Amino acid sequence: MLAIALAVLAASSWGLSAVLVRRGLRDLSTSAGTLISLTAGLVYTALLVAAFQFDALLQVSWRATVLFGLIGLLNFPMGRFFNYLDRKS
């Protein structure tokens with residue numbers, strides 16, 4: 001039962017985010033919307049990792065951190081930008 005409730009919550013959140021992004025991009029540029037979204041997501045994720053997996057976070061090597069950072073800089077912001085650009089039109 002918990003799995004079903006969490007699945008419905010995830011689907012509802014996904015749909016609500018699309019509506020909120022579309023509404024928010026009426027007043028913002030695509031670049032500003034992307035920057036706000038990425039910053040909020042980074043802070044939220046960092047707080048969750050620090051709260052629940054702090055010991056595992058300290059065991060990650062610097063090389064892995066740099067590689068994941070580069071992949072994150074190249075892939076995720078571009079995908080989010082193009083997604084928002086499409087929603088704005």
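These numbers were taken from a predicted model, which means no experiment stands behind them.
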As an exercise, state the distance from [atom1] of [X] to [atom2] of [Y], rounded to the nearest 0.5 Å.
X	Y	atom1	atom2	value
R80	T30	CZ	OG1	13.0 Å
L58	Q53	CG	CD	11.0 Å
I4	L9	CD1	CG	13.5 Å

L28: hydrophobic cluster co-members (side-chain, 4.5 Å): I36
Identify whether L38 and L74 are in the same connected component of the hydrophobic contact network (ILVMFWY, side-chain heavy atoms under 4.5 Å). no
Between S31 and Y84: side-chain donor-acceptor atoms closer than 3.5 Å: no
Side chain of S37, backbone of G33: donor and acceptor closer than 3.5 Å? no
For L42, is there any backbone N or O sitting under 3.5 Å from a side-chain donor or acceptor partner on T45? no
pair L16-S12: side-chain heavy atoms closer than 4.5 Å: no
Can you name the nearest heavy-atom pair linking G72 to P77, along with the distance? O-CD, 2.7 Å
